[in-house]
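Below: the structure, in C-alpha coordinates.
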Amino acid sequence: MNHWLVKSEPGTYAWADLVKGRRTAWTGVRNYQARLHLRAMQVGDPVWFYHSGAPKEIVGLARVLRSAYPDPTAAHGDWVCVDLAPIKTLPQPVSLAAIKTDRVTRDMVLVKNSRLSVQPVTAPQFEGILRLGGCLPE
DNA sequence: GCCAACGTTGGC
DNA sequence: GCCAACGTTGGC
(Lines give C-alpha, C1' and ligand atoms only; values in the text may rest on other atoms or scores of the structure.)
Protein backbone atom coordinates (compact mmCIF):
# COMPACT_ATOMS: atom_id res chain seq x y z
CA MET A 1 0.00 0.00 0.00
CA ASN A 2 1.21 3.46 -0.85
CA HIS A 3 0.39 6.77 0.77
CA TRP A 4 -0.42 10.00 -1.03
CA LEU A 5 -1.24 13.65 -0.67
CA VAL A 6 -3.47 15.80 -2.83
CA LYS A 7 -3.77 19.55 -2.74
CA SER A 8 -6.76 21.74 -3.27
CA GLU A 9 -7.58 25.39 -2.94
CA PRO A 10 -10.35 25.42 -0.33
CA GLY A 11 -12.11 28.13 -2.32
CA THR A 12 -12.31 25.78 -5.28
CA TYR A 13 -12.91 22.46 -3.57
CA ALA A 14 -12.56 22.11 0.17
CA TRP A 15 -12.30 19.15 2.50
CA ALA A 16 -15.77 20.02 3.76
CA ASP A 17 -17.06 19.53 0.22
CA LEU A 18 -15.66 16.01 0.14
CA VAL A 19 -17.11 15.19 3.55
CA LYS A 20 -20.47 16.50 2.47
CA GLY A 21 -20.40 14.77 -0.93
CA ARG A 22 -19.10 11.46 0.47
CA ARG A 23 -17.01 10.96 -2.67
CA THR A 24 -15.57 12.86 -5.59
CA ALA A 25 -13.79 12.31 -8.88
CA TRP A 26 -10.34 13.90 -8.57
CA THR A 27 -10.33 15.46 -12.02
CA GLY A 28 -8.45 18.28 -13.71
CA VAL A 29 -4.89 17.10 -13.11
CA ARG A 30 -2.83 18.19 -16.12
CA ASN A 31 0.69 17.51 -15.04
CA TYR A 32 2.73 14.50 -16.12
CA GLN A 33 4.35 13.86 -12.77
CA ALA A 34 1.03 14.10 -10.99
CA ARG A 35 -0.51 11.78 -13.57
CA LEU A 36 2.15 9.21 -12.82
CA HIS A 37 1.09 9.26 -9.20
CA LEU A 38 -2.61 9.07 -10.03
CA ARG A 39 -1.93 5.98 -12.09
CA ALA A 40 -0.03 4.36 -9.26
CA MET A 41 -2.87 4.79 -6.78
CA GLN A 42 -4.65 1.64 -5.69
CA VAL A 43 -8.05 1.20 -4.16
CA GLY A 44 -7.79 1.71 -0.42
CA ASP A 45 -4.61 3.79 -0.47
CA PRO A 46 -4.70 6.55 2.16
CA VAL A 47 -4.57 10.12 0.85
CA TRP A 48 -3.88 13.25 2.87
CA PHE A 49 -5.98 16.22 1.90
CA TYR A 50 -4.09 19.52 1.94
CA HIS A 51 -5.50 23.02 1.65
CA SER A 52 -3.24 25.36 -0.29
CA GLY A 53 -3.59 29.11 -0.12
CA ALA A 54 -5.01 29.96 3.28
CA PRO A 55 -4.89 28.38 5.71
CA LYS A 56 -2.15 26.08 4.50
CA GLU A 57 -2.72 22.82 6.32
CA ILE A 58 -3.55 19.15 6.05
CA VAL A 59 -7.13 18.86 7.16
CA GLY A 60 -8.27 15.32 6.59
CA LEU A 61 -7.62 11.78 5.48
CA ALA A 62 -9.23 10.28 2.40
CA ARG A 63 -8.87 7.00 0.61
CA VAL A 64 -8.84 5.86 -2.98
CA LEU A 65 -12.27 4.54 -3.88
CA ARG A 66 -11.55 3.84 -7.54
CA SER A 67 -8.18 3.66 -9.26
CA ALA A 68 -7.21 5.66 -12.36
CA TYR A 69 -9.64 5.97 -15.24
CA PRO A 70 -9.96 8.50 -18.09
CA ASP A 71 -10.68 12.01 -16.84
CA PRO A 72 -14.07 12.95 -18.32
CA THR A 73 -13.19 16.66 -18.06
CA ALA A 74 -10.22 16.32 -20.42
CA ALA A 75 -11.20 17.30 -23.95
CA HIS A 76 -7.77 16.43 -25.32
CA GLY A 77 -4.95 14.25 -24.17
CA ASP A 78 -4.57 11.12 -22.14
CA TRP A 79 -5.44 12.33 -18.64
CA VAL A 80 -6.79 10.34 -15.75
CA CYS A 81 -8.60 10.83 -12.48
CA VAL A 82 -9.35 8.71 -9.42
CA ASP A 83 -12.29 8.67 -7.05
CA LEU A 84 -11.72 9.69 -3.45
CA ALA A 85 -13.81 9.28 -0.31
CA PRO A 86 -13.27 10.88 3.11
CA ILE A 87 -12.14 8.73 6.03
CA LYS A 88 -11.79 11.23 8.82
CA THR A 89 -11.24 14.87 9.65
CA LEU A 90 -8.06 15.45 11.63
CA PRO A 91 -8.70 16.34 15.28
CA GLN A 92 -5.98 18.95 14.78
CA PRO A 93 -5.21 20.30 11.30
CA VAL A 94 -1.49 20.10 10.58
CA SER A 95 -0.13 23.41 9.32
CA LEU A 96 2.58 23.72 6.72
CA ALA A 97 4.67 25.49 9.34
CA ALA A 98 4.38 22.49 11.65
CA ILE A 99 5.21 20.12 8.80
CA LYS A 100 8.36 22.13 8.03
CA THR A 101 9.42 22.06 11.65
CA ASP A 102 8.93 18.39 12.39
CA ARG A 103 11.98 16.19 11.88
CA VAL A 104 10.03 13.46 10.10
CA THR A 105 7.73 15.49 7.89
CA ARG A 106 10.03 18.31 6.85
CA ASP A 107 11.34 16.24 3.94
CA MET A 108 7.90 15.74 2.44
CA VAL A 109 7.39 16.56 -1.23
CA LEU A 110 4.97 19.19 0.00
CA VAL A 111 7.94 21.10 1.34
CA LYS A 112 10.37 20.28 -1.46
CA ASN A 113 8.03 20.73 -4.40
CA SER A 114 4.97 22.56 -3.21
CA ARG A 115 3.57 22.88 -6.71
CA LEU A 116 3.05 19.19 -7.36
CA SER A 117 -0.66 18.59 -6.92
CA VAL A 118 -0.56 14.82 -6.40
CA GLN A 119 2.34 13.56 -4.32
CA PRO A 120 3.67 10.36 -2.79
CA VAL A 121 4.05 10.21 0.99
CA THR A 122 6.37 7.77 2.75
CA ALA A 123 5.10 5.53 5.54
CA PRO A 124 7.04 7.42 8.25
CA GLN A 125 5.78 10.74 6.89
CA PHE A 126 2.25 9.40 6.88
CA GLU A 127 2.58 8.40 10.50
CA GLY A 128 4.19 11.75 11.29
CA ILE A 129 1.10 13.55 10.08
CA LEU A 130 -1.09 11.19 12.09
CA ARG A 131 0.94 12.12 15.15
CA LEU A 132 0.90 15.87 14.49
CA GLY A 133 -2.79 15.69 13.71
CA GLY A 134 -3.61 14.20 17.08
CA CYS A 135 -4.51 10.73 15.83
CA LEU A 136 -1.92 8.85 17.85
CA PRO A 137 -1.62 8.46 21.62
CA GLU A 138 1.28 10.54 22.97
C1' DG B 1 1.25 42.12 -3.88
C1' DC B 2 5.64 40.12 -4.68
C1' DC B 3 8.60 36.77 -6.23
C1' DA B 4 10.76 32.11 -6.68
C1' DA B 5 10.08 27.71 -8.66
C1' DC B 6 8.37 25.10 -12.08
C1' DG B 7 6.32 23.75 -16.54
C1' DT B 8 5.24 24.92 -21.21
C1' DT B 9 5.81 27.20 -25.52
C1' DG B 10 7.99 28.65 -29.54
C1' DG B 11 11.92 30.55 -32.18
C1' DC B 12 16.15 29.19 -33.86
C1' DG C 1 17.17 19.69 -29.47
C1' DC C 2 18.30 23.83 -26.98
C1' DC C 3 17.01 27.63 -24.40
C1' DA C 4 14.84 32.16 -23.60
C1' DA C 5 10.44 33.97 -22.68
C1' DC C 6 6.27 33.52 -20.68
C1' DG C 7 2.39 31.92 -17.66
C1' DT C 8 0.96 29.71 -13.45
C1' DT C 9 1.23 28.22 -8.83
C1' DG C 10 1.72 28.91 -4.18
C1' DG C 11 4.38 30.50 -0.14
C1' DC C 12 5.53 34.58 2.14
Side-chain angles (χ1 to χ4, degrees):
Chain A
M1 169 184 299
N2 293 303
H3 306 83
W4 311 96
L5 180 146
V6 297
K7 294 183 308 168
S8 186
E9 291 255 3
T12 306
Y13 187 86
W15 171 249
D17 296 320
L18 181 56
V19 171
K20 196 172 165 189
R22 300 308 302 162
R23 70 183 291 166
T24 194
W26 205 251
T27 58
V29 173
R30 300 292 183 269
N31 172 281
Y32 294 112
Q33 213 180 336
R35 184 177 72 182
L36 211 65
H37 298 316
L38 283 180
R39 286 192 167 137
M41 286 184 177
Q42 297 186 317
V43 172
D45 280 356
V47 183
W48 288 122
F49 195 102
Y50 175 78
H51 279 167
S52 59
K56 300 176 286 293
E57 55 192 17
I58 295 176
V59 286
L61 181 62
R63 69 191 161 92
V64 177
L65 207 59
R66 181 183 172 189
S67 58
Y69 61 96
D71 183 342
T73 70
H76 309 284
D78 180 24
W79 300 106
V80 297
C81 61
V82 298
D83 287 354
L84 299 179
I87 294 178
K88 73 176 295 182
T89 301
L90 282 179
Q92 262 180 269
V94 182
S95 71
L96 180 61
I99 291 168
K100 283 182 167 177
T101 303
D102 184 81
R103 188 176 51 82
V104 174
T105 59
R106 68 182 172 207
D107 291 325
M108 287 178 70
V109 177
L110 188 65
V111 178
K112 305 285 164 154
N113 181 6
S114 59
R115 292 187 51 173
L116 186 60
S117 61
V118 182
Q119 318 177 352
V121 174
T122 68
Q125 290 165 354
F126 179 81
E127 187 161 315
I129 299 299
L130 277 181
R131 171 169 45 81
L132 294 170
C135 292
L136 296 180
E138 288 303 317

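Only a predicted model underlies this, so the values are computations on that prediction, with no experimental measurement involved. Chain identifiers are assigned alphabetically (A, B, ...) following the order of the sequence lines, protein sequences preceding nucleic acid strands; residue numbering begins at 1 within each chain.
Under the salt bridge (charged side-chain N to carboxylate O under 4.0 Å, His left out) criterion, the residue pairs touching residues 62-74 of chain A are A:R30-A:D71, with sequence neighbours excluded. Within the structure, every pair that satisfies the salt bridge (charged side-chain N to carboxylate O under 4.0 Å, His left out) test and touches residues 108-130 of chain A, not counting sequence neighbours, is listed here: A:D107-A:K112. Sorted by first then second residue, the salt bridge (charged side-chain N to carboxylate O under 4.0 Å, His left out) pairs that include residues 17-28 of chain A, not counting sequence neighbours, are A:R23-A:D83.
If one axis is set at each end of the helix from B:dG1-C:dC12 to B:dC12-C:dG1 from five pairs, those axes are 10° apart, to 10°.
Under 3.5 Å, the side chains of A:T12 and A:E9 contain no donor-acceptor pair of N or O atoms.
Spacing between atom OH of A:Y50 and atom C1' of C:dG10 amounts to 8 Å, rounded to whole angstrom units. Summarising the geometry, the separation between NZ on A:K100 and C1' on C:dG10 is reported as 10 Å, rounded to the nearest angstrom.
For the pair A:Y50 and A:S8, the minimum side-chain heavy-atom distance is 4.5 Å or more. Contact check for A:H37 versus A:L116: side-chain heavy atoms found under the 4.5 Å cut-off.
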Could you pull out every donor-acceptor pair under 3.5 Å between side chains of residues 86-94 of chain A and any protein atom, sequence neighbours left out?
from	atom 1	to	atom 2	distance (Å)
A:T89	OG1	A:W15	NE1	2.9

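For the OP1/OP2 pair of C:dG10 and a distance below 4.0 Å, the side-chain nitrogens and oxygens of A:K7 include at least one atom meeting the criterion.
Taking the six-membered ring where tryptophan is involved, the planes of A:Y13 and A:W26 are perpendicular, since the angle between them exceeds 60° and thus also 30°.
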Exercise for review: Could you run through nucleotides 1-8 of chain B and give me one letter per nucleotide, 5' to 3': B if any protein heavy atom sits under 4.0 Å from the base, S if only the sugar-phosphate is that close, - if neither?
Suggested key: ----BBSS
